[in-house]
Amino acid sequence: MPVLTEPVALEEPVTPATRRARVALLGFGQVGAAVAARAAAPPVNTRLQIAGALVRDPARRSPPGVPLVTDVSALWDPAPDAVIEVLGGLEPARTCVLGALERGIPVVTANKSLIAHHGDELLAASRRNGVALRYEASVVAGVPFLGTLARRPLARDVSQVTGILNGTSNFVLTRVSRNHEDIPTALDEARRLGFAEADATKDLDGTDAAEKLSVLIRLLGHRFVHPSVIARTGIGCLQPADLQQASEFGGVIKPVATADWSAGPVTSFVGPAFLPLTHPLASLEGVTNAVCLSRPGHAHVVFSGPGAGPHVTAATVLDDVLELLGEDGGRTGWSGLAPRASIGAPSESAWFVRLDLGAGAPDQRDVADLLGSFGVWIARTASPGGIHHPLTRWILTHPVAPARLSAALEALALSCGCRACSLPILEDSNA
Ligand SMILES: NC(=O)c1ccc[n+]([C@@H]2O[C@H](COP(=O)([O-])OP(=O)(O)OC[C@H]3O[C@@H](n4cnc5c(N)ncnc54)[C@H](OP(=O)(O)O)[C@@H]3O)[C@@H](O)[C@H]2O)c1
């Protein structure tokens, strides 16, 4: 296995007629290796070659024909025609990508954290140096819809995006719902099948989906919303009984990410939500991802498919590279620079609420009266009882602002020690 610390040289001489584009890989893990494998096979191998790859520890990898380096500067001379960043994380990815852009080398990245946190800085560098920065594989990598929309300004004129952007949490909730497993058991199964990392915290607490939502808001809404300001709830607040009760109420609980800028300011939310069965995302099971695009008064459009996976991600990354190296230099009209968005107050919605009432609980009427005094009106209620949940009650509310609901539930907690878990109900905008 070649390990280089010197500038990387091409293995074979090329003439203008046969010259293949030289592409440097930053990272040779799951996605990097899949990119190299795909690039070595027809038809991509006639258009480009992998000139070298940056890794931490070359001893761990043995890529045929790809020189490995541990110092990124070894990749800059001679300069590659494009760079693919698949290191993950913020550093050294940010520094390496900036280094490429400052040298006038276009970059394609699959790294949602990088774009969500440093998108402004990187896109400014891309514009300053007149080179492309593509990041469409960073979100729902296996559903290459963003490239299509990039050339379709009318089709992408949407003001709301709702998606299931994290396959791990969708897989877990599907198992809990179908098999009545608890979340840790379903997560173990996800790990066994390779759908979850050993540390799945960022998948379960909504961090991963919030970063992807930030990227989607940038691409589709032309606004920058830092992932940290996206309201977020992890799926860990759920109990298996919540998913059973959701089914009794004629719906399903899904891990969603949603943003709306139809009124100007952006409202956004990541976390479990109750979806009526008519909602286009309600039937999405397992690790499948989907994105539903809409604007008031128009039918929504839904894209779904594998959200991740090294091979589908590699295909999207390579399509981006081939396109930006193409004759027209890639697409026009897909402006990456985005002004910082003003953030709107969370919008009103109906709510699915679990109340753990505890001993000495007030009766149903007293609860309804207390909630009503805050403007929270109950649409449906259920208290199935049984030995497992003698003091648990679920309610569906009429639409109410989240602040009112929180105030009502706090008052209920003060009056009787009741604990509550509330999920927004997302309506089917086509219904
Ligand atoms: N996996 C997927 O299905 C998928 C799908 C969509 C997007 N993505 C995104 O693609 C990116 C890569 O994911 P992955 O699954 O391929 O990750 P991975 O398997 O962990 O690979 C990371 C690679 O980067 C290298 N690396 C990390 N830190 C480095 C450092 N400080 N210096 C030099 N090299 C370093 C690693 O070197 P070593 O080889 O020495 O460890 C490894 O080759 C992430 O941003 C991820 O979110 C992944």
Side-chain angles (χ1 to χ4, degrees), residues 1 3-5 24-39 50 52-63 66-76 83-97 99-100 107-119 122 133-146 163 165-168 171 190-191 193-203 207-216 227 287-289 291 305-321:
M1 169 195 7
V3 177
L4 300 187
T5 51
L25 270 175
L26 305 178
F28 203 89
Q30 292 191 65
V31 179
V35 166
R38 193 78 185 250
I50 304 300
L54 176 71
V55 295
R56 266 177 307 219
D57 177 7
R60 294 182 57 210
R61 316 278 172 191
S62 53
V66 179
L68 297 181
V69 303
T70 54
D71 178 354
V72 72
S73 59
L75 295 173
W76 297 153
V83 161
I84 294 173
E85 187 277 306
V86 282
L87 294 161
L90 299 183
E91 285 294 355
R94 172 183 156 275
T95 305
C96 292
V97 168
V107 176
V108 171
T109 177
N111 186 340
K112 67 205 165 260
S113 305
L114 183 68
I115 297 301
H117 290 266
H118 296 302
L122 299 176
L133 170 63
R134 291 281 173 78
Y135 48 96
E136 290 157 31
S138 62
V139 50
V140 208
V143 188
F145 68 103
L146 289 165
L165 303 180
N166 184 273
T168 304
F171 177 88
R191 287 200 183 100
L193 295 170
F195 298 150
E197 313 253 340
D199 180 2
T201 309
K202 289 184 174 177
D203 295 311
T207 303
D208 174 81
E211 290 181 344
K212 289 171 177 167
L213 185 63
S214 166
V215 175
L216 280 178
V287 287
T288 310
N289 281 197
V291 177
H311 296 288
V312 292
T313 306
T316 300
V317 163
L318 283 168
D319 270 344
D320 271 355
V321 173

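Model, not experiment: these values are computed from the prediction. Start at 1 and go down the list; that is how both ligands and their atoms are numbered. Throughout, residue positions are numbered sequentially from 1 according to the sequence presented. Reckoned from all heavy atoms, side chains included, excluding hydrogens, waters and symmetry mates.
Going from atom OG1 of Thr207 over to atom NZ of Lys112 covers 10.5 Å, rounded to the nearest 0.5 Å. Considering CG of Leu318 and CD1 of Ile84, their distance stands at 5.0 Å, rounded to 0.5 Å.
Protein heavy atoms are absent from the 4.0 Å sphere centred on atom 20 (O) of ligand 1.
The closest protein non-hydrogen atom to atom 27 (C) of ligand 1 is Arg56 CZ, 3.6 Å. For atom 26 (N) of ligand 1, the closest non-hydrogen atom on the protein side is Leu87 CD2, 3.5 Å. Of all protein heavy atoms, the one closest to atom 40 (O) of ligand 1 is Asp57 N, 2.7 Å. Ala110 O, 3.8 Å is the protein heavy atom nearest to atom 8 (N) of ligand 1. In terms of protein heavy-atom proximity, atom 5 (C) of ligand 1 is closest to Thr313 OG1, 3.1 Å.
Near Pro310, meaning under 4.0 Å from one of its heavy atoms, ligand 1 places the atoms 3 (O). Below 4.0 Å from some heavy atom of Arg60 lie the following atoms of ligand 1, by number and element: 38 (P), 41 (O). For ligand 1, the atoms lying closer than 4.0 Å to a non-hydrogen atom of Lys112 are 47 (O).
Contacts between Arg61 and ligand 1 below 4.0 angstrom, taking non-hydrogen atoms only, involve the side chain exclusively. Contacts with ligand 1 closer than 4.0 Å are made by heavy atoms of both the backbone and the side chain of Val31. Residue-level proximity to ligand 1 for Pro92 is carried by the side chain, the only part with a heavy atom below 4.0 angstrom.
Of all non-hydrogen atoms in Ala93 and Gly88, the two that sit nearest each other are CB-O, 4.1 Å.
Under the 4.5 Å side-chain criterion, counting only non-hydrogen atoms from C-beta, Leu54 is in contact with Cys96. In this structure, Glu136 and Pro144 have side chains that are not in contact, with every pair of non-hydrogen atoms separated by 4.5 Å or more. Within the 4.5 Å cutoff, no side-chain heavy atoms of Val83 are placed close to those of Val97.
Partner of Val139 under the side chain to side chain contact (heavy atoms under 4.5 Å, CB included) criterion, chosen from Val291, Val215, Ile115: Val215.
In the candidate list Val86, Asp208, Leu114, Val86 is nearest to atom 11 (C) of ligand 1, counting heavy atoms. Of the candidates Gly309, Gly88, Gly167, Gly88 brings a heavy atom nearest to atom 45 (O) of ligand 1. The residue from Ser113, Pro58, Gly29 that puts a heavy atom closest to atom 18 (P) of ligand 1 is Gly29.
For the 3.5 Å distance criterion, the side chains of Thr109 and Asn111 fail to qualify, holding no donor opposite an acceptor.
Panel note: side chain Arg191, backbone Ala198; a donor-acceptor pair is recorded below 3.5 Å. Judged by distance alone, the side chain of Thr316 and the main-chain N or O of Ala137 form no donor-acceptor pair under 3.5 Å.
Among the atoms of Phe28, some N or O lies under 3.5 angstrom from an N or O of ligand 1.
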